[in-house]
Amino acid sequence: VILAAWKYWDYINNPWTRDGVVRAYVIQVTPRVSGPVVEIPIVENQAVKAGDLLFRIDPRTFKEDLDKAEAQAVQATGDFERANELIARGDISKRNADKATADYNVAISNREQARLNLEFTEVRAPVDGYITNLDLRVGSQVVANNPEMALVDTGSYWINGYFRETMIEHIDIGDPAIMTLMTYPDTPITGTVESIGWGIARQDGSTS
């Protein structure tokens, strides 16, 4: 009787549940530019580090665009500098000077955009994680802003534990918690209660 009473007291004051779900944020890997894929150095379910190359889009068109933008920027810079010299001598109208300044600003902006587009041909992992939903192949045509694979963020894991309402009273934010995964029953994981839900969540995507 004493043992049963102690077990019941322990259950009430240290509630537990078998109903839990491991969660993690999943990042949709999306290219910033369109083009054919020329390199994919990863495979499905591979672990990657932040900054690792996931796939490369053919850079030749974007390199050509950058070369043209750089040439235009050089010319615009020269025109801008000459306009400043003429302004100092009073040999140019304000309208022409303003046009030279505007052309210079546009050329510099175009050069920066072309540089970024060339950089965007290399799609890299934003965080440490695991690749999933990889259907991409060399030669595939990717489209800007269209997700091509998913990356499970390994730095974002948490566990949702679902308890009976009568047990919530004995759980507080900051309490220590022990979790045991079915995959590794002999390796408990320690953690901390981070938050407590104040409503019953609907699982059909509703915000209610």
Test item: Phe55 and Pro31 side chains (from C-beta on) under 4.5 Å apart, heavy atoms: yes

Linking Ile, Leu, Val, Met, Phe, Trp and Tyr through side-chain heavy atoms less than 4.5 Å apart, which residues share a cluster with Val143? none

So do Asp79 and Asp103 actually touch side chain to side chain, heavy atoms under 4.5 Å? no

Extract all donor-acceptor atom pairs below 3.5 Å that involve side chains of residues 182-195 and protein atoms in other chains or at least two apart in sequence.
none

Could you check if a side-chain atom of Val48 sits within less than 4.5 angstrom of a side-chain atom of Leu54, using non-hydrogen atoms only? yes

Could you tell me if the side chain of Leu151 sits less than 4.5 Å from the side chain of Pro126, heavy atoms only? yes

Can you check whether Asp153 reaches Tyr130 side chain to side chain, under 4.5 Å on heavy atoms? no

Pair up each side-chain donor or acceptor in residues 104-111 with any protein partner under 3.5 Å, not counting sequence neighbours, and list the distances.
from   : atom 1 : to     : atom 2 : distance (Å)
Asn105 : ND2    : Thr101 : O      : 3.3
Asn110 : ND2    : Val106 : O      : 3.4

Residues Glu64 and Arg60 bridged, charged N to O under 4.0 Å: no

How far apart are the closest heavy atoms of Val152 and Tyr157, and which atoms are they? CG1-OH, 3.9 Å

Identify whether the distance between the nearest side-chain nitrogen and carboxylate oxygen of Glu70 and Lys68 falls below 4.0 Å. no

Should Met167 and Trp16 count as side-chain neighbours, where that means a heavy-atom distance under 4.5 Å? no

Under 4.0 Å between a side-chain nitrogen and a carboxylate oxygen: does that hold for Glu85 and Arg82? no

